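Heads up, the thing below is written out as structure tokens.
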Amino acid sequence: MTMKKGDHLFLVDGSGFIFRAFHALPPLTRKSDGLPVGAVSGFCNMLWKLLTDARDTSVGVTPTHFAVIFDYSSKTFRKEIYDAYKANRSAPPEELVPQFGLIRQATRAFNLPCIETEGFEADDIIATYARQAEAVGADVTIVSSDKDLMQLVTSTVHMYDSMKDKQIGLPEVIEKWGVPPEKMIDLQALVGDSVDNVPGIPGIGPKTAAQLLEEYGDLETLLSRAGEIKQVKRRESIINFADQARLSRQLVELRTDVPLELDLDALVLEPQDGPKLIGFLKAMQFGTLTRRVASACDCNADEIEPTEVTVEWGEAARGPDLDAGTAASADTGGAGADAPASPAKAAVAKGTGEATPASLAETRVAAFGNAKIDTTAYVTIRDVDVLDEWIAAARETGLVGFDTETNSLDPMQAELVGFSLAIADNAENPSGQTIRAAYVPLTHKTGVGDLLGGGLDENQIDPRKALDRLKALLEDPSVLKVAQNLKFDYLLMKRHGITVENYDDTMLMSYVLEAGKANHGMDGLSERWLNHKPIAFKDVAGSGKSGVTFDFVAIDKATAYAAEDADVTLRLWMVLKPQLAAAGLNRVYERLERPLVSVLADMEERGITIDRQILSRLSGELAQKAAAFEDEIYELAGERFNVGSPKQLGDILFGKMGLPGGSKTKTGQWSTSASVLEDLAAEGAELPRKIVDWRQLTKLKSTYTDALPGYVHPETKRVHTSYSLASTTTGRLSSSEPNLQNIPVRNAEGRKIRTAFIATPGHKLVSADYSQIELRVLAHVAEIPQLTKAFEDGIDIHAMTASEMFGVPVEGMPGEVRRRAKAINFGIIYGISAFGLANQLSIERSEAGDYIKKYFERFPGIRDYMDSTKAKAREDGYVETIFGRRINYPDIKSSNPSVRAFNERAAINAPIQGSAADVIRRAMVQMEPALEKAGLGERVRMLLQVHDELIFEVEDADVDKAIPVITSVMENATMPALSMRVPLKVDARAASNWDEAH
DNA sequence: AGCTAATCCTA
DNA sequence: GTAGGATTAGCTA
């Protein structure tokens with residue numbers, strides 16, 4: 001049958017698949033003898049899926065012709081052109097070797113042509129067939145995700161990434177590489193490929209290459225007009241390496257004239273030979289697929305004998321040097337298994353009527369520490385009526401442990417996969433045995449472990465129905481919901497239109513009880529308090545390349561894991577709740593921790609807009625400047641090296657160039673830190689200065705201008721950071737993915753990044769920050785009259801300090817004098833040491849010691865504060881903030897002097913840093929009600945917190961009204977709980993971007 | 001791919 | 001000298 005228009009040819013890159021599957025799929029061995037068969041299994045599943053079901057994948061069409069292509073050997077025409085081609089390829093992993101042959105046998109078992117040609121790579125064969133098919137008007141799907149094949153993509157030739165079920169067509173190539181497929185060859189020629197040893201042009205990466213091709217059209221034009229390029233380094237590199245680029249092009253360009261034994265028409269898809277295929281699958285012991293094939297072809301698998309398969313273990317196995325550089329990264333997922341939570345508020349578990357908090361706490365710890373947790377008793381709820389019964393039981397007791405399972409750790413992207421509930425039937429006498437738990441799967445998939453999986457498991461409750469029931473429960477204020485790291489679940493539920501009411505978070509409870517002592521993750525809490533080690537997430541879903549998202553976890557395994565989480569969480573609540581009362585920490589929990597859950601979830605959900613154009617322009621500028629520095633650096637060093645490698649740099653600076661004054665890091669490497677380089681520069685060396693500048697530029701580029709756009713949410717188009725409530729010891733928040741608490745501000749170059757954080761049209765960003773809050777806290781806790789007075793009078797605190805210490809009048813004070821006083825003030829907050837101060841000010845240690853002595857003479861209250869704080873830490877094992885938050889220092893009595901000194905400094909710092917953190921937490925909790933009251937509820941939205949600063953987005957017309965409200969809330973945040981001896985001062989400004997607002 | 005060390009960004 | 005998080009290199013698997 002002649003191939004024609006409307007036919008559809010599938011070309012599977014068998015060699016590429018082997019490597020990718022090997023890395024991307026879980027290791028799997030044949031049960032009977034341990035033969036590694038993971039890649040074979042993945043391969044068979046993929047073929048079966050494509051042959052029977054291609055229409056339902058994102059390919060969307062059914063094949064009429066089909067072939068699997070392999071590399072023949074490492075001796076190809078490319079090797080003749082360029083001896084080093086693929087030269088640095090190491091031998092394939094041992095487990096992979098026998099699978100090369102097996103995959104060829106699998107292909108034949110599927111009745112598919114298995115094609116390879118001596119002297120050519122699989123890619124060339126694929127290219128040849130693809131062009132031939134195109135010529136006769138047929139469509140082509142290349143099953144591979146290798147970038148080397150992307151040059152073949154046209155409107156009728158597509159690629160298909162079977163592991164991600166993703167079609168790669170023209171738009172995808174352009175999106176990924178910035179050039180259309182026909183320019184991929186030129187792009188790769190410029191960029192090169194370290195895996196295959198394609199040289200390319202040094203200093204040209206994908207971004208630059210795309211830009212150059214955009215400007216000059218193609219490689220030859222670029223090379224001939226290279227003299228026009230403005231950037232010196234780039235121009236020279238291209239001129240010098242032009243021939244290398246031409247060679248690279250030859251290596252990268254795929255041949256479309258490979259002599260083929262089978263012509264296109266011979267690739268027509270033959271019907272499956274059921275028994276033959278089943279025989280092979282049985283030999284491999286692939287049970288699930290065997291059954292599936294048997295039912296599809298109406299065979300009785302039991303009657304079919306396993307085929308003899310040939311296993312080549314040794315070097316004879318063909319296919320040693322294929323592309324190992326295309327390993328897929330399977331997303332790992334699942335949430336709720338991580339962070340710690342906080343205590344509960346409702347008095348549901350009443351305990352025994354007369355018990356004191358302390359005795360109840362003790363009883364609970366003993367009861368739950370000894371209770372055996374039976375993880376086999378968990379229930380899987382697949383029926384709405386059963387779910388209703390559980391919800392009714394939760395209403396009855398007024399208490400429920402709750403946890404969600406999702407396919408992502410990012411609550412803004414995660415989709416709900418299921419949820420679990422735990423109920424204490426007899427809360428009056430909680431022995432631990434009375435707790436039962438269930439998992440409600442909603443969107444689990446069938447065919448777990450198969451490459452492409454199956455569809456939705458039918459036997460699950462309709463998610464809409466389940467969510468209706470769940471909403472009623474979660475929003476019911478008479479039922480206390482207990483979760484671990486509730487902010488995740490809270491935000492997830494909010495995205496489903498559910499606002500959780502009345503909750504406790506065991507992570508936050510632990511944080512209040514044990515900050516500094518232990519971490520607050522559920523697994524650790526469970527081991528400490530319940531004497532029980534929960535199932536690890538990676539044991540149910542795997543990790544890394546072999547990890548799957550939770551919807552691909554089999555429901556029975558999922559139930560054991562998920563229900564256990566809810567069970568453990570509820571037990572932890574039973575143990576931790578009475579301890580809060582016993583330790584007198586209920587107020588800290590209820591006023592500084594729990595209310596932040598919804599406040600932060602709202603802020604995270606809002607996100608902030610960034611201007612990607614600004615960032616991309618900045619990125620380009622930074623790249624050019626950095627490249628220029630590299631040039632000069634190589635010149636000065638006399639050789640090319642990786643400037644970003646401290647190791648290589650150290651060897652050049654202190655070895656080759658023999659510069660003096662090198663210090664070593666702990667691991668014995670030369671230190672090349674900025675301060676070392678600055679010192680060298682001060683002594684006249686040119687290179688170190690350039691390195692410092694280069695580092696600054698590349699830091700800004702990699703961490704900010706290049707990384708931030710990747711965090712823009714696909715739907716909201718905004719950046720949503722994640723705040724952690726319980727990852728610092730002092731009570732500060734932390735921000736991650738991305739960290740928006742370390743956006744540059746200290747120099748002009750870095751500040752440009754802030755201009756990319758913008759308000760939506762018609763709005764302004766308002767930034768309000770506390771002035772000197774930590775020094776004010778210090779003045780308050782240490783009761784320092786001069787400091788207090790200075791803050792009351794609004795005078796420059798560092799100048800005042802300098803004036804006190806050095807007897808210099810504030811008027812006309814030299815900048816250097818004030819700078820030293822400022823360093824000392826900060827030093828005090830950090831638990832000053834002569835060593836540290838000397839370092840900071842680049843002075844002798846003895847001189848720094850004199851400063852400190854002088855400071856303490858002038859401010860004796862500070863020395864008293866430091867001494868009493870250290871004494872308290874030694875006595876009690878913890879220190880406290882002005883709102884009663886405890887920070888533990890279990891190692892304060894360490895016999896190691898440096899460990900002890902470190903703990904002492906931290907203990908001195910903690911009440912200051914922690915109190916300031918408490919103040920801003922209070923401000924954040926009070927902010928929304930205050931704005932609401934001022935009629936600004938909907939129009940002023942708090943977006944970010946940066947330790948002493950809050951950033952809002954405000955409608956233009958409301959800015960003047962909002963600023964006084966915001967300022968007032970922040971300045972009065974300690975009230976009415978506490979009145980400070982020192983006033984708090986807040987500065988607020990509005991502008992269209994963060995740089996100008998700050 | 002997962003881990004650590006080194007570095008550098010913030011308050 | 002306090003408190004964090006992200007990136008890169010380079011090693012190990």
Side-chain angles (χ1 to χ4, degrees), chain A residues 23-24 93-95 327-330 332 515-516 538 543-547 642-650 664-677 691-692 695-704 706-708 710-711 721-724 727-747 749-751 753-754 769-770 772-774 823-841 848 852 866 887 898 901-914 916-917 920 945-949 998:
Chain A
H23 291 288
E94 207 180 315
E95 304 92 299
S329 62
T332 54
K538 65 175 193 317
S543 70
K545 57 189 177 182
S546 53
N642 183 345
V643 187
S645 162
K647 190 164 170 275
Q648 295 179 29
L649 176 63
K664 299 278 184 85
T665 66
K666 318 183 241 223
T667 54
Q669 292 295 327
W670 293 109
S671 168
T672 65
S673 67
S675 68
V676 170
L677 297 178
I691 302 282
V692 170
R695 278 191 186 160
Q696 195 210 334
L697 297 170
T698 51
K699 174 79 180 181
L700 292 177
K701 183 169 185 290
S702 65
T703 309
Y704 303 105
D706 290 354
L708 281 172
Y711 288 102
T721 185
S722 173
Y723 287 105
S724 170
S727 63
T728 72
T729 47
T730 56
R732 276 192 177 179
L733 304 180
S734 76
S735 155
S736 62
E737 292 180 300
N739 181 354
L740 295 186
Q741 292 179 324
N742 72 345
I743 303 301
V745 71
R746 290 180 186 172
N747 64 52
E749 196 68 36
R751 284 173 71 135
I753 290 165
R754 291 207 171 205
D769 67 297
Y770 283 105
Q772 311 281 11
I773 187 169
E774 294 192 348
I824 295 168
N825 278 332
F826 276 101
I828 295 296
I829 291 171
Y830 297 154
I832 201 154
S833 76
F835 179 85
L837 185 62
N839 245 351
Q840 175 70 30
L841 288 176
I852 295 170
M866 292 175 120
I887 299 129
S898 68
F902 176 79
N903 276 272
E904 287 174 354
R905 289 193 298 271
I908 287 167
N909 171 257
I912 304 170
Q913 190 186 114
I920 198 163
Q945 189 253 41
V946 190
H947 307 309
D948 65 359
E949 176 188 12
H998 182 72

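Just so it is clear: chains get the letters A, B, ... in the order the sequence lines come, proteins before strands, and each one is counted from 1. In what follows, every heavy atom counts, from backbone to side chain, and hydrogens, waters and symmetry copies are set aside. Note that the structure is predicted; figures quoted are calculated from it, not measured.
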How many Å lie between [atom1] on [X] and [atom2] on [N], as a whole number?
X      : N     : atom1 : atom2 : value
A:I887 : C:dA3 : CD1   : P     : 11 Å
A:I753 : B:dC8 : CD1   : C1'   : 12 Å
A:F835 : C:dT2 : CZ    : P     : 11 Å
A:D706 : B:dC9 : CG    : C1'   : 15 Å
A:L677 : B:dC8 : CG    : C1'   : 12 Å
A:E774 : C:dA3 : CD    : C1'   : 9 Å
A:W670 : B:dT7 : CH2   : P     : 13 Å
A:M866 : C:dT2 : CE    : P     : 11 Å

For [X], which contact category applies under a 4.0 Å heavy-atom criterion: base, sugar-phosphate, or nothing?
X      : result
A:A674 : sugar-phosphate
A:I829 : nothing
A:T729 : sugar-phosphate
A:S734 : sugar-phosphate
A:F826 : nothing
A:R732 : base
A:A907 : nothing
A:I912 : nothing

Self-check item: Neighbour count above 12 (heavy atom, 6.0 Å) for A:Q669 CD
Solution: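 Counting neighbours around CD of A:Q669, more than 12 heavy atoms of other residues, nucleotides or ligands fall under 6.0 Å, so yes.
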Quiz item: For A:K538, does the NZ atom sit with more than 12 other heavy atoms under 6.0 Å from it, leaving out its own atoms?
Solution: no
Quiz item: Below 4.5 Å, heavy atoms only, C-beta onward: do A:I773 and A:H947 meet side chain to side chain?
Solution: no
Quiz item: Is any side-chain N or O of A:R695 under 3.5 Å from a base N or O of B:dA6, one able to act as donor and the other as acceptor?
Solution: no
Quiz prompt | A:Q741 (side chain) and B:dT10 (base): donor-acceptor pair under 3.5 Å | solution = no
With sequence neighbours left out, what residues match [X] under side-chain hydrogen bond (donor to acceptor under 3.5 Å, both in side chains)?
X      : value
A:T698 : none
A:S727 : A:S724, A:S734
A:T729 : none

Practice problem: For B:dC8, take OP1 and OP2 only and decide whether either is under 4.0 Å from a side-chain N or O of A:T698. | Solution: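 For A:T698, the contact criterion (side-chain N or O under 4.0 Å from OP1 or OP2 of B:dC8) is not met.
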Quiz item: Between A:S673 and B:dA6, is there a side-chain N or O to OP1/OP2 distance below 4.0 Å?
Solution: no
Quiz prompt | Summary of protein contacts for nucleotides 6-13 of chain C, nucleotide by nucleotide, where a base hit scores B, a sugar-phosphate-only hit scores S (4.0 Å, heavy atoms) | solution = BSSSS---
Exercise. Quick one: list whatever passes salt bridge (Lys or Arg N to Asp or Glu O under 4.0 Å) with A:D769, sequence neighbours left out.
Key: none
Quiz item: Which residues satisfy the salt bridge (Lys or Arg N to Asp or Glu O under 4.0 Å) test with A:E904, sequence neighbours excluded?
Solution: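 By the salt bridge (Lys or Arg N to Asp or Glu O under 4.0 Å) rule, A:E904 matches A:R874.
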Practice problem: Look at the side chain of A:A906 and decide which nucleotide, out of C:dT2, C:dG1, C:dG4, has an atom nearest to it. | Solution: C:dT2
Exercise. Between C:dA3, B:dA11, C:dG1, spot the one nearest the side chain of A:R746, thanks.
Key: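 Output: B:dA11.
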